[in-house]
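Just so you know, these numbers use all the heavy atoms, side chains as well, and skip hydrogens, waters and symmetry mates. Every chain is numbered from 1 and lettered A, B, ... according to where its sequence line falls, protein lines coming before strand lines. This structure is a prediction, so every number in the text was calculated from the model and none was measured.
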Amino acid sequence: MCARYSLRPVMPRLLEWFDLDPETEFEAQPVVAPTNVVPVVLARADGTRGVRRFRWGLLGPGESGGTGHINARSETVFEKPSFRESAQRRRCLMPATAFFEWGGEGKARRPYRFEWSDRAPLAFAAIWSPPAAVELPATCCLLTTDPNALVARIHDRMPVILDRDACAIWLDPDAPRPLLEAVCRAADPERMAMAEATREETLPPRGGPDVQGSLF
DNA sequence: CCAGACGTTGTT
DNA sequence: GTCTGG
DNA sequence: CCAGACGTTGTT
DNA sequence: GTCTGG
């Protein structure tokens, strides 16, 4: 499970990595928790990409409250009634710079940070759902898969992280389902770094996520 | 995932 | 302990 | 505790 | 992942 990630200021590298217009407005959000509104990347009708702000926590049709689903199993996302329509028609990417998993038991339990060794941006495979009312944000959730050898030291699941080619496939509305399922695999552990994280870097700031966003 | 708040009964 | 919000 | 299902609308 | 039933 992944219930906390980080989106640090790495512009314009991130805009370039995601093939976004250099003028795109994009907020950093060093600590992202469920229910926070986060930037997501999706494909426009003309094939170009844009950024929108969705609430992390997928709500079903008509639902307007609660946490919602923050993760969906990639192995079953095209089958489960709660997810399949979004998986088929509403795929998106959730940009990040790191994600966190907790390991240990009791008092020794602590967060670990995972990121690319070269600090490249992470692209989580994600799906989204339209809002129950026009004034509400759409909601999204990220897909999970079995962990690679590095993450497996800490946890039994990890986010699906896509490389640039896989991102293009994931955002292609016409991509065949077997191909979509094929890109949902664990990232190469040789390219990833794991480090003990501080409690502070996983604590959402008081006052809500809006106060931490820095525009640049 | 963590952090924080928590009900009622009824008084060391 | 359990629930809720972030 | 584990095992199993997982909403609703409405029909490719 | 989460909830419910047994």
Side-chain angles (χ1 to χ4, degrees), chain A residues 1-7 27-40 53-90 94 96-115 122 124-133 136-147 151-161 173-174 176-177 184 186 194-213:
Chain A
M1 179 187 190
C2 179
R4 202 73 94 251
Y5 68 91
S6 179
L7 179 56
E27 309 81 34
Q29 208 163 307
V31 182
V32 178
T35 72
N36 290 173
V37 173
V38 299
V40 302
R53 280 82 189 167
F54 290 167
R55 199 201 72 138
W56 184 19
L58 194 80
L59 298 175
E63 290 183 317
S64 56
T67 302
H69 289 94
I70 63 172
N71 300 138
R73 293 177 68 90
S74 61
E75 298 91 335
T76 56
V77 71
F78 289 95
E79 304 290 349
K80 299 301 182 187
S82 303
F83 300 127
R84 62 190 180 202
E85 187 177 334
S86 290
Q88 286 161 191
R89 300 169 39 200
R90 293 189 295 266
M94 292 168 66
T97 53
F99 67 92
F100 300 90
E101 301 289 357
W102 275 256
E105 292 297 327
K107 208 174 180 182
R109 193 164 178 78
R110 56 193 322 322
Y112 292 81
R113 181 182 60 254
F114 295 89
E115 58 198 329
L122 304 172
F124 297 143
I127 58 178
W128 62 279
S129 183
L136 296 173
T139 59
C140 61
C141 80
L142 63 84
L143 273 56
T144 62
T145 188
D146 285 333
V151 179
R153 294 165 58 182
I154 300 302
H155 196 63
D156 65 351
R157 301 292 289 173
M158 70 179 289
V160 172
I161 303 165
D174 300 318
R177 182 170 141 185
C184 290
M194 177 180 86
E196 290 191 354
T198 62
R199 200 64 81 177
E200 184 181 42
E201 66 183 301
T202 65
L203 279 178
R206 296 174 58 77
D210 293 344
V211 304
Q212 64 174 324

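- Only the P atoms considered, C:dG6 is 23 Å distant from E:dG1, to the nearest whole Å.
- Nucleotides D:dT8 and E:dT4 place their P atoms 14 Å apart, quoted to the nearest Å.
- Comparing atom distances between the A:W102 side chain and each of E:dG1, B:dC1, D:dT8 picks out B:dC1 as nearest.
- Under the side-chain contact (heavy atoms from CB on, under 4.5 Å) criterion, A:I70 pairs with A:M1, A:A3, A:P34, A:W56, A:T67, not counting sequence neighbours.
- Between A:F114 and A:F99, the ring planes are parallel. Angles under 30° get that label, and only those over 60° would be called perpendicular.
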Under 3.5 Å, which protein N or O atoms sit close to an N or O of nucleotides 3-6 of chain D? Give each pair with its distance.
{"from": "D:dC6", "atom 1": "N4", "to": "A:K80", "atom 2": "NZ", "distance (Å)": "3.1"}

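- With sequence neighbours left out, A:E200 forms a salt bridge (charged side-chain N to carboxylate O under 4.0 Å, His left out) with no residue at all.
- With a 4.5 Å cut-off on side-chain heavy atoms, A:F83 and A:T76 do not count as touching.
- Of the candidates C:dG6, B:dC1, E:dG1, the closest approach to any side-chain atom of A:A3 belongs to B:dC1.
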Practice prompt. Would you write the dot-bracket representation of DNA chain B, where each base gets (, ), [, ], | or . depending on whether it forms a Watson-Crick or G-U pair under 3.5 Å and with which partner?
Written response: ||||||......
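- Comparing B:dC2, E:dG1, C:dG6 by their nearest atom to the side chain of A:N71 picks out E:dG1.
- Under the side chain to side chain donor-acceptor pair (under 3.5 Å) criterion, A:R113 pairs with A:E115, A:E201, sequence neighbours left out.
- A straight line from CG of A:L59 to P of D:dT8 spans 14 Å, rounded to a whole angstrom.
- Looking at residues two or more places apart in sequence or on another chain, you find a salt bridge (charged side-chain N to carboxylate O under 4.0 Å, His left out) between A:D146 and A:R157.
- Remark: A:S86 engages A:R90 in a side chain to side chain donor-acceptor pair (under 3.5 Å) (not counting sequence neighbours).
- Rounded to whole Å, atom C1' of B:dC2 lies 13 Å from atom CZ of A:F100.
- Each of B:dC2, D:dT8, C:dG6 was ranked by its minimum atom distance to the side chain of A:P34; first place goes to C:dG6.
- Applying the salt bridge (charged side-chain N to carboxylate O under 4.0 Å, His left out) criterion to A:R89, with sequence neighbours excluded, gives A:E85.
- Between C:dG6 and A:R4, no contact under 4.0 Å exists linking OP1 or OP2 to a side-chain N or O.
- Across the P atoms, D:dC2 and B:dC1 are found 15 Å apart, a figure rounded to whole Å.
- Spacing between atom CG of A:L142 and atom C1' of B:dC1 amounts to 12 Å, rounded to whole angstrom units.
- The NE2-C1' distance, from A:H155 to B:dC1, rounds to 8 Å in whole Å.
- Considering only residues two or more places apart in sequence or on other chains, A:S82 meets the side-chain contact (heavy atoms from CB on, under 4.5 Å) condition with none of them.
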